[in-house]
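Both counts, for ligands and for their atoms, begin at 1 and track the order of listing. Only this structure's heavy atoms are used, side chains among them; waters, hydrogens and symmetry mates stay out. Positions are given from 1, in the same order as the sequence printed here.
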Amino acid sequence: MITMKDIVREGHPALTKVSEEVELPLSTANKDLLQEMIQFLKNSQNEEIAKKYDLRAGVGLAAPQLGINKKLMAIYFQDENGKLYEYGLANPKVVSHSVGKAYLSGGEGCLSVDRHVEGYVPRHARITLRATDMDNNPVSLRLKGYPSIVFQHEVDHLNGIMFYDHINKDNPFEVPENARPIE
Ligand SMILES: O=CN(O)C[C@@H](CC1CCCC1)C(=O)N1NCCC[C@H]1C(=O)Nc1ccccn1
Ligand code: NI
């Protein structure tokens with residue numbers, strides 16, 4: 001099972017590399033890896049398991065965070081309406097996005113960053129993301145709000161981008177123009 005010791009931290013080269021696309025259809029090994037990544041997220045959100053294995057709760061995980069530079073990412077969370085987002089995706093791509101920006105009003109963190117980095121992380125408010133899922137089906141997702149932020153955070157990892165790369169150095173809490181806060 002994946003635990004925190006498997007997650008590489010800031011300074012590890014895997015986090016700033018552009019990862020490789022994976023061959024399709026997905027190999028059994030890559031399918032199993034996506035399954036294990038989703039299971040980590042589920043475990044991390046289960047109070048007992050997280051306590052027992054000292055897991056930090058996470059809603060997304062990208063393969064580079066395991067030191068694996070493959071374009072594989074996992075998502076697991078429920079939005080405020082209780083809609084479940086459970087995905088194991090290969091070769092995701094943002095194919096279109098809004099002009100408008102959005103950011104989490106509380107800023108962002110990362111399981112690979114063991115420090116608090118303050119400031120707003122401006123992202124596209126809405127995106128259309130295309131990828132292949134764990135059953136080798138093409139998926140096309142139109143995302144906005146919190147889900148849009150989560151998926152963008154993970155896709156960034158596959159391109160070697162960390163959340164703090166988006167924070168305005170001179171004024172971390174500068175609200176980008178036509179950007180909306182997501183509580
Ligand atoms: O690349 C992937 N990561 O680095 C895991 C990150 C991904 C999120 C950060 C901002 C958008 C996506 C993650 O999940 N977190 N960041 C660090 C500690 C908190 C944790 C988190 O937000 N947990 C959470 C939130 C709601 C419900 C349950 N748990
Ligand atoms: Ni992260």
Measure from atom 27 (C) of ligand 1 to every heavy atom in I149, V59, D156, I75 and give the option owning the shortest one.
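Looking at heavy atoms only, the winner is V59.
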Per atom 11 (C) of ligand 1, closest listed option by heavy atom (H157, Q45, H153)
H153
Mind checking whether [X] has an N or O less than 3.5 Å away from an N or O of ligand 1?
X    : value
L111 : yes
Q65  : yes
A57  : yes

Crowding at [atom1], [X] (>12 non-hydrogen neighbours, <6.0 Å):
X    : atom1 : result
K42  : NZ    : yes
K169 : NZ    : yes
R9   : CZ    : yes
E20  : CD    : no

Close-contact set for ligand 1 against [X] heavy atoms, below 4.0 Å:
X    : value
R56  : 17 (C), 18 (C)
E154 : 1 (O), 2 (C), 3 (N), 7 (C)
C110 : 4 (O), 16 (N), 17 (C)

Among all the protein's non-hydrogen atoms, which is closest to [atom], and how far away is it?
atom                    : answer
atom 9 (C) of ligand 1  : G109 O, 3.4 Å
atom 22 (O) of ligand 1 : Y146 OH, 4.3 Å
atom 3 (N) of ligand 1  : G60 O, 3.5 Å

May I ask you to say whether R115 pairs ionically with E10, meaning some side-chain N is under 4.0 Å from a carboxylate O?
yes
Please determine whether a side-chain nitrogen of the Lys or Arg among D156 and R123 lies less than 4.0 Å from a carboxylate oxygen of the Asp or Glu.
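The answer is yes: the pair qualifies as a salt bridge.
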Any chance you could lay out the side chain to side chain contact (heavy atoms under 4.5 Å, CB included) test for V59 and Y146, step after step, and finish with the verdict?
CA-CA 11 Å; V59 294; Y146 180 70; 3.6 Å; yes
Here the vertex angle at the Ni ion (ligand 2) for NE2 of H157 and NE2 of H153, given to 10°, is 100°
Only one of H97, H153, H166 passes ring-ring contact (aromatic ring centres under 6.0 Å, His included) with H124; say which it is.
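Answer after filtering H97, H153, H166: H97.
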